[in-house]
Amino acid sequence: MKHQVRWMKSTRFSRPKGHFGTALTFSLPFGLLACAAADWLGRPGLGLALLGWGVMTRLALALAVGGEW
């Protein structure tokens, strides 16, 4: 975890626009946020679908990049 925090800090200072863009590549946090928001709005099925979509895209990216789980 320390390594990831240090990496993100150095990215934030060396490439501020790139650091902002990394949030767009993390689908799981957005899926969790969408799940919570949809649940708050009374649409838990939609929230679970969005969370599932985030998990599936993350798994697809991991397989495409690493070739393994």
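Residues take their numbers from the sequence shown, with the count starting at 1. As the structure is a prediction and not an experimental result, all values here were calculated from the model.
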For residues 52-64, which side-chain N or O atoms pair as donor and acceptor with protein atoms under 3.5 Å away, sequence neighbours left out?
residue	atom	partner	partner atom	Å
T57	OG1	S27	OG	3.1
T57	OG1	W53	O	3.1
T57	OG1	G54	O	3.0

**OP:** Mind checking the CG-CG spacing from L28 to L51? Nearest 0.5 Å is all I need.
**Re:**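 Spacing of CG (L28) from CG (L51) equals 6.5 Å.
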Subject >> Minimum heavy-atom distance P44-D39, with the two atoms named >> reply: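 Closest pair (atom of P44, atom of D39, distance): CB-OD1, 3.7 Å.
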**OP:** Might you work through the side chain to side chain contact (heavy atoms under 4.5 Å, CB included) test for C35 and L48, ending with a clear yes or no?
**Re:** CA-CA 6 Å; C35 187; L48 289 175; 4.1 Å; yes
